[in-house]
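Everything below concerns the one structure shown next.
Since we're looking at a predicted model, the values are computed, not measured.
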Amino acid sequence: MNKEVQTQSRNYTVPLITITLLFFMWGFITCMNDILIPYLKQLFKLTFFESMLVQFCFFGAYFIGSLIYFLISISKGDPINKVGYKKGILFGIGLAALGCILFYPAATFSYYPLFLGALFILGLGFTVLQITANAYVSLLGSEESASSRLNMTQAFNAFGTTIAPVLGGHLIFELFSEPDGTFSAVATRIPYLIFAAILLLVGLLISRVKLPSFQTETEETVQGWGALKFNHLKFGVFAMFCYVGGEVAVGSFIISFLEETMKFNEAISKNYLSLYWGGAMIGRFLGAISLNQSISQPKKAVFMLGAAALVFLVIFSIVNLSFEQISFFLVFILLNFAAFFVGKAAPARTLSIFAAINVILLISTMVNHGEMAMYSVLGIGIFNSIMFSNIYTLAISGLGKYTSQGSSLVVMAILGGAIVPIFQGYLADQFGVQHSFIIPVFCYLVILIFGAYCTKYLGHVETSEAKSGH
């Protein structure tokens, strides 16, 4: 590392807070897709399959963007190392803001392909942020606390996904909708212009804040596909594909599922969708504490209980539901808390436990009716919480000089968010929404097996160890 970096201040509080704000907005806008899907489905009279093109274009951009980045990195060297993390983050913000702005002509002409194009550009912007911001957070402090720090920033990302269904749903379904309640494409124009403006303001803030560069003077360019000689990386790429696909597919169908099962309208369903994403926020805060090696076990229990209670109260204040309506969620919080301690903060073991619980919840969603089915599908979110960080760190563990290349391959696997919802949409058209949840069942079974594989062949892999090579 160059001399300039060595002499920089070790106090990364301001940069970390600034990047955390970006994670919040990033999560908020991503979750807006779950609002757009039922909205555009009714507006353009789409089938479930056609409406899932929203996720196909958005998450397909992750694959295209990551593939381009990967090809450049193996032939020319890591682009971020050349331009710096700050410029990379600002470029990603600018591209995402452009995607939001493109909603204006899409809504003005009321043309579905234009919406899909805007979502693709938005996805490309978030791809750049995925590659740069996650890695940057891991560098803002010691390696030992990197996973804990990443879980914390992703918890605020999940905070954005929790607020989005309520606030975003209010903007599109109520505030900017037609007075007579009919659907009109123009309801998306002002909200997405607001999102673009906020993103640009965050970009302006980041441009003014002094961020450490973390650039190295020399870098070894790894030619070819050497990373693929590691079996756990190949399995991890597939597991990440299944995780993102399963999480996105379930979130995409919750509003339609509640309409079919509980006869709720969009205004009510969006509050329950917030519980699904709010569960991920709770789990990530708990994961950030559980993975912090500097906290003793008794203190962890106290801090985790306190964090769970506080975040639950925050969610309760956000959603327009009574305590009686969301009290069932306390059971899932306690179950999540117990699962963390059974997993003993071992990434592979914890991943398998969480995946197994989600398989059970999905089966319950398919075979039960009424509130039991609703509770089951909403509980999945809290057990999704640590899956991204655990799969990511396990997949790139021990890759050495191939770590950067392997990381790009894992990010490419976010393509699952584009593919899996499409398949579930097809099944929903043929057999109904409830039976279509068989698709994410297979996704979580793959994750369960991956966790068991890593437990056997990688042993007790500490998340800090998985960061080696960065």
What is the minimum heavy-atom distance between [X] and [Y], and which atoms define it?
X	Y	answer
Met387	Asn358	CE-ND2, 3.8 Å
Leu321	Phe316	O-CE1, 3.6 Å
Ala418	Phe59	N-CB, 3.3 Å
Ser66	Tyr62	OG-O, 2.8 Å

Counting heavy atoms not belonging to [X], are there more than 12 under 6.0 Å from its [atom1]?
X	atom1	result
Phe423	CZ	no
Phe156	CZ	no
Phe91	CZ	no
Phe442	CZ	no
Asn320	CG	no

Give me the one residue out of Phe24, Trp26, Phe28 that meets ring pair (Phe, Tyr, Trp, His ring centres under 6.0 Å) with Phe159.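 It is Phe24, the one option of Phe24, Trp26, Phe28 that forms the ring pair (Phe, Tyr, Trp, His ring centres under 6.0 Å) with Phe159.
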Quick check against the 3.5 Å criterion: does [X] have a side-chain atom that pairs as donor or acceptor with the backbone of [Y]?
X	Y	answer
Gln434	Asn368	yes
Thr365	Leu361	yes
Thr161	Cys31	no
Asn157	Phe23	yes
Ser352	Leu448	yes
Gln55	Met52	no

Once you round to the nearest 0.5 Å, how far does [atom1] of [X] lie from [atom2] of [Y]?
X	Y	atom1	atom2	value
Asn33	Ser51	CG	OG	11.5 Å
Thr30	Leu129	OG1	CG	9.5 Å
Phe235	Ile391	CZ	CD1	10.0 Å
Trp277	Glu247	CH2	CD	4.0 Å
Tyr444	Phe383	OH	CZ	11.5 Å
Ser317	Phe312	OG	CZ	10.5 Å

Does the side chain to side chain contact (heavy atoms under 4.5 Å, CB included) test come out yes or no for Cys100 and Leu122, once each step is laid out? CA-CA 7 Å; Cys100 290; Leu122 183 59; 3.9 Å; yes
With a 6.0 Å cut-off on the ring centroids, do Phe437 and Phe257 count as close?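 Yes, close enough.
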For the ring pair Phe323 and Phe329, is the centre-to-centre distance below 6.0 Å?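 Ring centroids of Phe323 and Phe329 are no less than 6.0 Å from each other.
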In terms of the angle between their ring planes, are Phe337 and Phe341 parallel, tilted or perpendicular, with boundaries placed at 30° and 60°?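 Ring orientation of Phe337 relative to Phe341: tilted.
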Tell me whether the rings of Phe340 and Phe354 are parallel (<30°), tilted (30 to 60°) or perpendicular (>60°).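 Perpendicular.
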Taking the side chain as everything from C-beta on, heavy atoms only, tell me whether [X] gets closer than 4.5 Å to [Y].
X	Y	value
Met374	Phe264	yes
Leu362	Val250	yes
Tyr272	Ile268	yes
Ile19	Thr153	no

Side chain to side chain contact (heavy atoms under 4.5 Å, CB included) for Ile282 and Ile315? Distances and angles first, verdict last. CA-CA 9 Å; Ile282 292 173; Ile315 295 172; 3.7 Å; yes
Would Leu258 and Ile254 count as a side chain to side chain contact (heavy atoms under 4.5 Å, CB included) here? Give the steps. CA-CA 6 Å; Leu258 294 180; Ile254 282 179; 4.0 Å; yes
For a quick check under 3.5 Å, do Asn384 and Tyr276 share a side-chain donor-acceptor pair by atom type?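 There is such a pair (donor and acceptor under 3.5 Å, judged by atom type) between the side chains of Asn384 and Tyr276.
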Evaluation steps, side chain to side chain contact (heavy atoms under 4.5 Å, CB included), between Phe241 and Ile419: CA-CA 9 Å; Phe241 178 94; Ile419 303 299; 3.8 Å; yes
